[in-house]
Amino acid sequence: MVKHQPLQVYERQLCLSCITGIYGCRWKRYQRSHDDTTKWELLWSVILLFTFSLLLVWFYFWWEAHNDYNEFNWFLYNRSGEWSDGTVPILATTAAGFTYIAFLMVLALCHVALGQQLNLHWLHKIGVTAALLTTIVGVISVNQTWGQEWDVVPISLQATGPFLHIGALAAVTALSWIVAGQVAHAEKTMFQVVVVLLYLSVLLGLYMVPLYITSPCIMDPTALKQRPDVIGHQGAPMLAPENTLWSFQRALQMNVTGLEADVAISMDGVPFLMRDRTLQRTTDVAKVFPDRQMDDASYFNWTDLQQLNTGQWFLKDDPFWMVGSLSSHEKNLIANQSVCSLEQLLKLASYHNSTVVFRLRRPPPEHPYYHSWINATLQAVQQSGVPQSLVMWTPDEHREQVRELAPSLIQTSLEKLSPQSLHQYGISRLLLRYNQASPQEIRDFSESNINLTLHTINEPWLYSVLWCSGVSAVSSEAPHILNKVPYPIWLMRPGEYYLMWVSADLISFAVVIGIFIFQKYRMSGMRSYNPEQIMLSAAVRRSSRDLNVMKEKLIFSGKTRGPRPCLLCALV
């Protein structure tokens with residue numbers, strides 16, 4: 001009986017099968033190929049890389065924009081008239097899309113490392129296209145409707161830049177394994193030169209990036225100024241309904257040094273606290289006055305306003321996802337809140353010796369106090385009995401007249417002016433959004449004795465950056481969070497940063513050189529027979545079913561240590 005020796009041993013490579021199967025639906029060994037990737041598939045690889053880069057920036061943007069989620073939701077409310085947390089679907093789709101595209105990128109790199117032909121499946125191509133178009137639409141929409149928020153990216157880099165640089169350097173250093181393998185495996189000198197030069201350009205660029213990384217937290221700790229004061233913006237709106245007495249009391253419990261509110265004027269001349277133009281979002285006006293729910297809040301008199309509940313909406317909508325953490329006693333207090341007047345707020349602040357800053361909204365032209373709104377507000381301040389030195393007066397209208405009637409008020413501007421102009425107008429304080437003042441401008445205001453307050457600061461990283469910059473005070477919706485930041489999140493001496501930078505570059509360079517040498521040594525003289533290449537490169541593009549059957553018959557399981565005859569000739 002004649003025993004036939006198997007032509008070769010086929011070792012199952014489950015990892016390779018999964019990689020090529022998930023990426024291009026090539027689960028069978030004869031479907032895989034070591035041929036060069038077609039130009040069409042190279043184009044799709046570029047599209048995949050671009051989509052990954054765009055999604056990375058988009059994901060980073062929304063991650064750092066967490067400081068302003070409430071601002072974004074309020075902006076959506078003013079457009080749609082309905083309150084909802086619009087950040088949830090955006091974050092969910094962004095996280096899902098980024099995870100999916102990142103997974104495809106890893107598979108593509110594995111294909112390159114294993115020498116497999118890139119062949120993205122058509123379903124993945126649809127997914128990549130959908131992710132790309134969705135992200136582009138999102139970027140355009142944000143740019144048109146919330147364009148100022150893009151400033152959070154360069155500001156956040158002041159806190160994350162040094163660490164993102166280390167992460168990017170580690171990633172590019174790790175890619176040297178694939179690059180060195182491709183260079184060592186390539187036969188064309190021109191290809192080797194282009195790949196090496198391109199990779200070295202990226203690597204050297206990363207080595208030099210710290211020259212352009214600036215952060216106020218890279219400083220001598222002895223030069224760090226005192227902790228910025230925290231002002232409760234609308235009280236503590238994450239813990240209680242905004243602009244209510246309980247919200248301000250909760251803020252005072254968090255050791256804030258001041259309170260900030262939004263003020264409107266009622267029909268009978270009573271200044272009261274309300275952020276929105278209407279009462280629909282934060283009161284039960286639809287229940288009490290159903291035919292007036294869309295009216296301007298200033299068209300209600302004080303007697304009508306006192307009938308409204310301003311706490312039940314907070315328990316119902318849970319705008320900050322915090323209601324579940326509140327006690328029953330706190331929920332009962334919240335459920336019984338009513339509209340707060342400016343006089344009530346001033347008396348509370350006077351009792352606790354806290355500063356008060358408010359933004360005064362002028363009533364509509366048909367309002368009886370349209371021309372005397374400044375006088376009505378100033379009268380409420382004087383009647384409250386609060387020391388004038390605790391009130392930051394922000395309206396620009398009739399500022400000279402107000403200064404004559406109440407000379408001790410802290411004159412505060414909401415408009416960014418030069419220190420010289422502020423001194424000329426007798427203004428000693430400035431209240432701006434955090435993206436309106438650079439670290440250099442913050443230092444200039446400080447040197448000019450202008451007390452600068454930035455809003456709205458909810459995240460510890462942003463509070464830390466502004467602390468290092470020398471800001472004297474911040475306005476926050478999350479005083480309970482900032483209260484737990486006794487020191488900047490990180491502070492690094494310039495010498496320590498330079499040492500970290502140079503050390504990371506030297507380690508990266510040594511690793512890259514070592515990997516290139518190892519890959520060249522590993523590839524040199526290594527022309528071993530790969531069973532996966534039995535797939536007949538010359539006939540790989542043939543779609544004949546008989547040819548596939550022949551391949552399956554020729555490659556079968558067995559064990560042998562004998563020589564492996566060439567099957568390419570037989571198949572050709």
Side-chain angles (χ1 to χ4, degrees), residues 56-72 87 91 94-95 98 142 146 148-171 206 208-230 233 238 432-443 445-446 452-501 503-504:
L56 182 63
V57 175
W58 182 245
F59 184 75
Y60 179 81
F61 166 77
W62 277 105
W63 184 266
E64 297 301 335
H66 186 271
N67 183 83
D68 304 314
Y69 282 177
N70 186 52
E71 177 185 305
F72 178 74
T87 61
L91 285 173
T94 300
F98 178 74
V142 168
W146 203 30
Q148 65 176 356
E149 189 62 20
W150 287 112
D151 292 336
V152 76
V153 175
I155 293 175
S156 67
L157 290 177
Q158 297 177 17
T160 62
F163 309 101
L164 289 179
H165 169 250
I166 297 297
L169 192 60
L206 276 177
M208 296 292 103
V209 159
L211 290 175
Y212 305 96
I213 293 179
T214 58
S215 173
C217 291
I218 302 176
M219 61 179 296
D220 189 343
T222 59
L224 182 67
K225 293 188 176 182
Q226 66 177 8
R227 187 176 186 270
D229 294 334
V230 177
H233 181 64
M238 293 187 181
L432 301 174
R433 194 175 188 271
Y434 66 85
N435 65 327
Q436 292 182 296
S438 66
Q440 182 58 48
E441 290 173 328
I442 292 173
R443 288 190 290 270
F445 285 124
S446 178
L452 177 63
T453 301
L454 298 181
H455 66 88
T456 304
I457 314 302
N458 299 326
E459 291 295 309
W461 70 262
L462 183 54
Y463 182 66
S464 299
V465 168
L466 296 178
W467 186 348
C468 296
S469 300
V471 169
S472 56
V474 301
S475 176
S476 174
E477 296 170 331
H480 62 292
I481 294 178
L482 300 189
N483 189 41
K484 300 176 182 178
V485 185
Y487 198 74
I489 293 179
W490 66 270
L491 198 62
M492 194 181 304
R493 298 177 184 272
E496 296 173 346
Y497 175 65
Y498 296 145
L499 178 62
M500 182 183 73
W501 166 26
S503 300

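Computation of the quantities below employed the complete heavy-atom set of this structure, encompassing side-chain atoms and omitting hydrogens, waters and symmetry-equivalent molecules. Nothing here was measured: the structure is a model prediction, and the numbers come from that model.
No more than 12 heavy atoms of other residues, nucleotides or ligands sit less than 6.0 Å from atom CD of Q226.
With hydrogens and angles left out, the side-chain atoms of T160 and Y60 include a donor and acceptor closer than 3.5 Å.
The CD1 atom of I442 sits 5.5 Å away from the CG atom of L466 when rounded to the nearest 0.5 Å. The OG1 atom of T94 lies 12.0 Å from the CG atom of L56; values are rounded to the nearest 0.5 Å. Atom CG of L462 is separated from atom CD of Q158 by 9.0 Å, given to the nearest 0.5 angstrom. The CD1 atom of I457 lies 8.0 Å from the CG atom of L482; values are rounded to the nearest 0.5 Å. Going from atom OH of Y497 over to atom NE2 of H165 covers 6.5 Å, rounded to the nearest 0.5 Å. For the atom pair M238 CE and N70 CG, the distance stands at 7.0 Å (nearest 0.5 Å).
Relative ring orientation between F163 and W490 is described as perpendicular, the plane-to-plane angle rising above 60° on a 0-90° scale split at 30° and 60°. Using cut-offs of 30° and 60° on the angle between ring planes, the pair H233 and H455 is parallel. The aromatic rings of W467 and Y487 stand perpendicular to each other, their planes meeting at an angle above 60°, with 30° marking the opposite boundary.
W150 meets the side chain to side chain contact (heavy atoms under 4.5 Å, CB included) test with W58, F61, V139, V142, N143, V153; sequence neighbours excluded. Evaluation of the side-chain hydrogen bond (donor to acceptor under 3.5 Å, both in side chains) rule for Q148 yields E71 as partners, not counting sequence neighbours. In this structure, the salt bridge (Lys or Arg N to Asp or Glu O under 4.0 Å) partners of E441, at least two apart in sequence or on a different chain, are K416.
For P488 against S464, the heavy-atom pair with the smallest separation is CA-OG, 3.6 Å. Summarising the geometry of P216 relative to V465, their closest heavy-atom pair is CG-O, 3.7 Å, with the distance given to 0.1 Å. Nearest heavy-atom pair, R227 versus V230, reported as atom, atom and distance to 0.1 Å: NH1-CG2, 4.3 Å. Here the closest heavy-atom approach between residue V485 and residue P460 is recorded as CG2-CB, 3.9 Å.
Under the 4.5 Å side-chain criterion, counting only non-hydrogen atoms from C-beta, W501 is not in contact with V209.
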(request) Take L157 and Y212 through the side-chain contact (heavy atoms from CB on, under 4.5 Å) test and state the conclusion after the steps. (result) CA-CA 11 Å; L157 290 177; Y212 305 96; over 6 Å; no

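Among residue pairs with one or both ends in residues 215-226, those qualifying as salt bridge (Lys or Arg N to Asp or Glu O under 4.0 Å) are D220-R493; sequence neighbours excluded. Pairs passing the salt bridge (Lys or Arg N to Asp or Glu O under 4.0 Å) check and including a residue from residues 149-167, sequence neighbours excluded, read E149-R433. Each salt bridge (Lys or Arg N to Asp or Glu O under 4.0 Å) pair with one or both residues in residues 455-479, not counting sequence neighbours, would appear here, but there are none.
With N458 contributing its side chain and S476 its backbone, the two residues share no donor-acceptor pair below 3.5 Å. Remark: side-chain polar atoms of S472 are paired, donor with acceptor, to backbone N or O of L452 under 3.5 angstrom.
Checking each of N67, V471, V474 against Y463 for a side-chain contact (heavy atoms from CB on, under 4.5 Å) leaves exactly one that passes, namely V474.
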